[in-house]
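Worksheet: the structure to be examined is printed underneath.
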Amino acid sequence: MKSRFAPSPTGYLHIGGARTALFAWAWAKKQQGQFVLRIEDTDRERSTQASVDAILDGMNWLGLAHDEGPFYQTQRFDRYQEIIEQLLSENKAYYCECSKERLQVLRDELTEKGEKAKYDGCCRDKKLKSGVVRFKNPLTGFVTFKDAVKGQISIGNQELDDLIIARSDGTPTYNLTVVVDDHDMDIDTVIRGDDHINNTPRQINLYEALGWSLPKFAHLPMILGSDGARLSKRHGAVSVMAYRDEGFLPEALLNYLVRLGWSHGDQEIFSLSEIVELFDLENINKAPASFNQEKLLWLNQEYIKTSSVENLLKNLAWHLDNQSVDTSKGPVIEAVIKHLQERSKTLVEMVDSLKMFYHDFDEFDKKLAAKQFKDSQPIELLLTKLEVLDDWVADNIKEQIKQTCEELGIGFGKIGQPFRLALSGNGNAGNIDVVAQLVGKDRTLARLQMALDYIAQHSH
RNA sequence: GUCGCGUUCGUCUAGUCUGGCCCAGGACCCCAGGAUUUCAUCCUGGUAACAAGAGUUCAAAUCUCUUACGCGACGCCA
């Protein structure tokens, strides 16, 4: 069994493409089949190597590995040429010399008359020797096929026209290449976006003209933006890699994407192996779905919370580098990650929270400092106690805070809050004793002293 | 315009094929309470939907028809 993902390299890998790829991948994996990656680069004007690289990067980051390919259609031109010649010689295709201008006028006229704009077959029987090559689509009858997600679809051949299969420069076009490739590559399930549904009957006619058997088709509904319009840049990030940049875990994105249009009862969380095990074509929704950042964020948080530290560290590497955080001097990073994973929605947020353990800061948050740094006495007392603390572990630090409270007859908040601010600079820190342990003795003492200096400076 | 596809809480969806268990369930968001050393987490509860109309039936979210709305295709793009 084989499925494929066949993007055209005219931009980065976007969310919609990624979901199509995921579904095709999951379907192949579920059946222990092969997943083929094919680059549809026959449009020489728009295809770029940068886009190919971007797509490969995106697939790689998501972990959707292909078993075959990537195949490039531009390297298969001989094969397409062969098929075009065959069709021509069998009188199933013909040359057409109609100018683009004539075609445009024709379209305008038909639209104005309220008819479907399609080629009129002007050159069908002229036996020309040059120009574009058009496929002789049947004039009558219906093309009916069963789509795995949409059900039975039927369209009259009268709605279809003689599509161009080769441009005037001889290069083949999409509808021809996709048929030849899916056949040659033994693809038995074609999974793609439902914007291709209208092409399917034409392709079926091509399959039939070539005497080839049909693959199964599964057309996925589109992904819409929050306003119901087709997902685009103005809805926020559409590039898969932008989600990495924003601190999402690939497995969280994958989980979100698989639930966009597919369901398995009420289950929300799917590990990669569960996706492979449970995925099916029957439970794909027919209707388009809107992309919802909030739910993705929730899933990401769930994954960060439950992920192994090793996995987090692996994914964090890029962000650490990106934000120039040097973790060589300070606590063991695994311990910090463990502390932070309960309280980070994204990896970006985690790296942000992680900075205070490795980098010193010059000043405190002004508003908070004005509020918390009023009374030097608790901080002073705590500092003297911590200075002589030998065994620098959370429990002992906590004990010193408690004693400070008791000796001064104050509540935990009176010392906890200033301490938290002193340690973090911005007040954002988890369990204060654990944080202090991780920050380390030297840095903790220095920061408490810095808080004291602040109070001295600001009291009059 | 023509053809194709679609329509369950704000969003993702279960239920639809095989009518009754659905005055419609789960999740995200939001709101209210609780636990908590800020943040976060966690727990409890709440708001909120079968696009509209007609028909079939003892019974319809589920079957049929019509309407509306949305999306897509109509390229020498894929």
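These numbers were taken from a predicted model, which means no experiment stands behind them. Here is the naming used below: chain letters follow the sequence lines, and residue numbers restart at 1 for every chain.
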Show the distances under 3.5 angstrom between N or O atoms of the protein and N or O atoms of nucleotides 2-4 of chain B.
| from | atom 1 | to | atom 2 | distance (Å) |
| --- | --- | --- | --- | --- |
| U2(B) | O4' | G114(A) | O | 3.3 |
| C3(B) | O4' | E159(A) | OE1 | 3.3 |

Exercise for the section: Compare side-chain N and O positions of N285(A) against OP1 and OP2 of A14(B) and report whether any pair is under 4.0 Å apart. Expected result: yes

Handout entry: Residue Q158(A) excluded, over 12 heavy atoms near CD under 6.0 Å
Key = no

Problem - Contact under 4.0 Å: T173(A) side-chain N or O vs C76(B) OP1/OP2 - result: no

Practice task
Would you indicate, yes or no, if A78(B) has its OP1 or OP2 atom less than 4.0 angstrom from a side-chain nitrogen or oxygen of T10(A)?
Solution key: no

Practice task
Decide yes or no, distance alone: a donor-acceptor N/O pair under 3.5 angstrom between the base of C76(B) and the side-chain of S168(A).
Solution key: yes

Practice task
Could you tell me whether R102(A) and D120(A) have a side-chain N and a carboxylate O separated by less than 4.0 Å?
Solution key: yes

Exercise for the section: Indicate yes or no: does D182(A) engage R38(A) in a salt bridge with an N to O separation below 4.0 Å. Expected result: yes

Problem - Pairs satisfying side chain to side chain donor-acceptor pair (under 3.5 Å), at least one member in residues 247-256 of chain A, at least two apart - result: N255(A)-Y303(A)

Practice task
Please state whether the rings of Y174(A) and H196(A) are parallel, tilted or perpendicular, taking 30° and 60° as the class boundaries.
Solution key: tilted

Problem - Presence of K305(A) side-chain N/O under 4.0 Å of C42(B) phosphate oxygens OP1/OP2 - result: yes

Exercise for the section: Calculate the interatomic distance between K150(A) atom NZ and G6(B) atom C1'; express it in whole Å. Expected result: 6 Å

Exercise for the section: Please report, rounded to the nearest Å, how far the P atom of A73(B) is from the CG atom of L163(A). Expected result: 16 Å

Could you list all N or O pairs between the protein and nucleotides 21-31 of chain B that sit under 3.5 Å apart?
| from | atom 1 | to | atom 2 | distance (Å) |
| --- | --- | --- | --- | --- |
| G25(B) | N2 | D266(A) | OD1 | 2.6 |
| G26(B) | N2 | E268(A) | OE2 | 2.8 |
| A27(B) | O4' | E268(A) | OE2 | 3.4 |
| A27(B) | N3 | K295(A) | NZ | 3.4 |
| C28(B) | O2' | K295(A) | N | 3.3 |

Handout entry: SB check K2(A) E68(A) (cutoff 4.0 Å)
Key = yes

Exercise for the section: Find out whether the Lys NZ or Arg CZ of R76(A) is both under 6.0 angstrom from the six-membered ring centre of Y72(A) and within 45° of the ring's axis. Expected result: no

